Novice: 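The structure is given below, and queries will be raised subsequently.
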Amino acid sequence: MLFLDLIAKKRDGGRHTPQELEAVARAAADGSVPDYQLSAWLMAALCRGLNEAETAALTRAMARSGETLGLGRLGRPKADKHSTGGVGDGVSLALAPLAAACGLAVPMMSGRGLGHTGGTLDKLESIPGFQVRLGLPRIRSQMKRLGVCLFGQSADLAPADRALYALRDATATVPARPLIVASILSKKAAEELDALVLDVKVGSGAIFRDAASARELARALIKTAKSLGMPTVAVLTAMEQPLGRYVGNALEVRQALEILNGVGDAPDYLDCTLALGGWMLKLAGLATSAERGADMMRARIADRSGLRIFRDIVKAQGGDARVVDEPDRLPKARRSRALAAPRDGFITRLDARGVGRAGIFLGAGRENKDSVLDYGAGLVLAKKVGDRVRRGETVAVLHAADAARLEAGAREYRAALTIGPRAPRRAPTVLEVLR
Ligand code: URA
């Protein structure tokens, strides 16, 4: 069959056979079909959709487009979490070592920042020397030794997703539910997990802003994961404002270190970490309930064993482990600027997408594929939604390389901020759990 026929079939609303979807995944992985034809098929799939059977078949085909991690039995259950993406969402950095400290094996395949959302790999690479491009033998040996590894997708693991994702990012086809499901789960299937927890973000900074669409995505993810035999839970969490106090790569490493040390003031970040970790432990059979699992995670914060494992990960992956005890060694932007509240009142809105865009202007995110990140750039959010402010009081401190970037970031931040006369209702971070 010609690839042109596959494009025409989907364009006209036809249903693909599993063999046809194998052909799409193979073409993406081996580069045998030009980008413009793959892009046309992606747009047809976005407009016409894929049904449940097609979504499962595409996910399987993408998972089989490369190798699996092949970790075998590690003596502990393998669990991972995946977030659909947010602003200030560096939860993986604290969660992975804490989950490992609780007895899970955590092979965490992570991604880079996309648009206004940050990526775990970029955050890790802000630690001087930290390596995320690891070959399979190295991942396997670290998993055996430490029980946890944070790494990027390689040419070996779900290569069809790598190729398709890059095209989706450049062709406005990211928000297609079946394509998101296949993208996320093909990577996770390659990890051969015993438990998967999905953090499906809801709000202005998420792929889907409204709860109904996010819930539909969560249901589709669970259905397809089950058809692949992967025990999965989806936790819907708030992404109306950024998570935690920091937005930016090195700044979010700092946030994770505060969480692992049990200090700082980021209750939303902590709630999210504990809820996701609690479900990982419950689903993998190490805790009798998600609440009990969250208690286990809390204990690993209190005894600093999560922090110890984070230090081991940094050392094992070539990073400067001194940053763990001396975060001032992390990269810093050349300039900073404090922004003051223009009036008295309460913060009623701090739009996550707007703050994420401010991060891009400051140099913490990519404007295009070739942008070079400034690891020290970003925002420290002194005030968040619900906080009372006085006119002139600092609401945020911006970090960037120069005055022009600071000005552009300040403009975006101000547009994202609303101060009103009355305190808004406090919204929970964990909204719903779907199984
Ligand atoms: N995260 C992924 O890995 N893939 C998507 O398509 C969306 C979010």
Side-chain angles (χ1 to χ4, degrees), residues 21 24-25 28-29 38-39 41-43 45-46 49-50 54-56 58-63 65-66 69 80-87 89-92 95 107-123 132 150-154 157-191 193 196-203 205-209 213-225 228 230 232 234-237 239 243 276 352-353 356 365-366 369:
L21 292 160
V24 173
L38 284 169
S39 302
W41 182 84
L42 288 168
M43 188 55 84
L46 177 135
L50 301 178
E54 288 176 297
T55 306
L58 178 64
T59 309
R60 261 193 215 100
M62 285 168 61
S65 66
L69 267 188
D80 194 3
K81 81 99 194 174
H82 187 91
S83 159
T84 56
V87 179
D89 179 15
V91 160
S92 292
L95 179 59
M108 197 171 263
M109 194 192 310
S110 304
R112 299 210 173 267
L114 275 173
H116 66 279
T117 65
T120 302
L121 299 182
D122 297 325
K123 293 166 201 178
V132 296
L150 295 136
F151 54 95
Q153 203 172 357
S154 68
L157 296 164
D161 176 58
R162 207 157 74 138
L164 290 177
Y165 201 98
L167 290 177
R168 286 168 59 209
D169 197 30
T171 56
T173 49
V174 169
R177 206 182 319 123
L179 300 180
I180 297 172
V181 170
S183 165
I184 292 176
L185 294 180
S186 60
K187 286 180 285 229
K188 298 300 150 186
E191 293 176 359
L193 299 171
L196 172 63
V197 174
L198 297 164
D199 181 5
V200 179
K201 298 286 183 202
V202 187
I207 300 186
F208 293 114
R209 298 175 190 219
S213 306
R215 205 174 289 121
E216 267 179 51
L217 172 63
R219 287 208 185 98
L221 282 161
I222 290 172
K223 231 180 232 159
T224 306
L228 297 174
M230 223 180 329
T232 301
V235 184
L236 266 56
T237 66
M239 187 36 67
L243 200 60
L276 298 170
R353 190 169 293 249
R366 291 186 182 79
K369 258 160 76 177

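Numbering of ligands and ligand atoms starts at 1, following listing order. What you see is a predicted model; the values in this text were computed from it and never measured.
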Novice: Using a strict threshold of under 4.0 Å (side-chain N to carboxylate O), is an ion pair present between Glu191 and Lys188?
Specialist: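 Yes, Lys188 and Glu191 are salt-bridged.
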Novice: Check whether Arg353 reaches the backbone of Ala206 with its side chain - one donor and one acceptor, N or O, closer than 3.5 Å.
Specialist: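 Flag set: sc Arg353 to bb Ala206 pair under 3.5 Å.
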Novice: Could you tell me if any non-hydrogen atom of Ile184 lies under 4.0 Å from any atom of ligand 1?
Specialist: yes
Novice: Tell me: protein heavy atom nearest atom 3 (O) of ligand 1, and distance?
Specialist: Lys187 NZ, 2.5 Å
Novice: May I ask you to decide if Met43's main-chain N or O and Thr173's side chain share a donor-acceptor pair within less than 3.5 Å?
Specialist: no
Novice: Mark the output for Ile207 as yes if a heavy-atom distance to ligand 1 is under 4.0 Å, and as no if none is.
Specialist: yes
Novice: If we only count N/O pairs under 3.5 Å, is Thr84 in contact with ligand 1?
Specialist: no
Novice: Roughly how far, to the nearest 0.5 Å, is the CZ atom of Phe151 from the CE atom of Met108?
Specialist: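 The distance works out to 9.5 Å.
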Novice: Identify, by atom number and element, the atoms of ligand 1 in contact range of His82, meaning under 4.0 Å from any of its heavy atoms.
Specialist: 1 (N), 2 (C), 3 (O)
Novice: With only distance considered, is Ser183 within less than 3.5 Å of ligand 1 through an N or O on each side?
Specialist: yes
Novice: Just to confirm my output: which protein heavy-atom neighbour is closest to atom 5 (C) of ligand 1, and how far is it?
Specialist: Tyr165 CE1, 3.1 Å
Novice: State, to 0.1 Å, how close Ser186 and Asp161 come at their nearest heavy-atom pair, and which atoms those are.
Specialist: OG-CB, 3.9 Å
Novice: Counting only N and O atoms by type, is there a donor-acceptor contact under 3.5 Å from the side chain of Lys187 to the main-chain atoms of Leu157?
Specialist: no
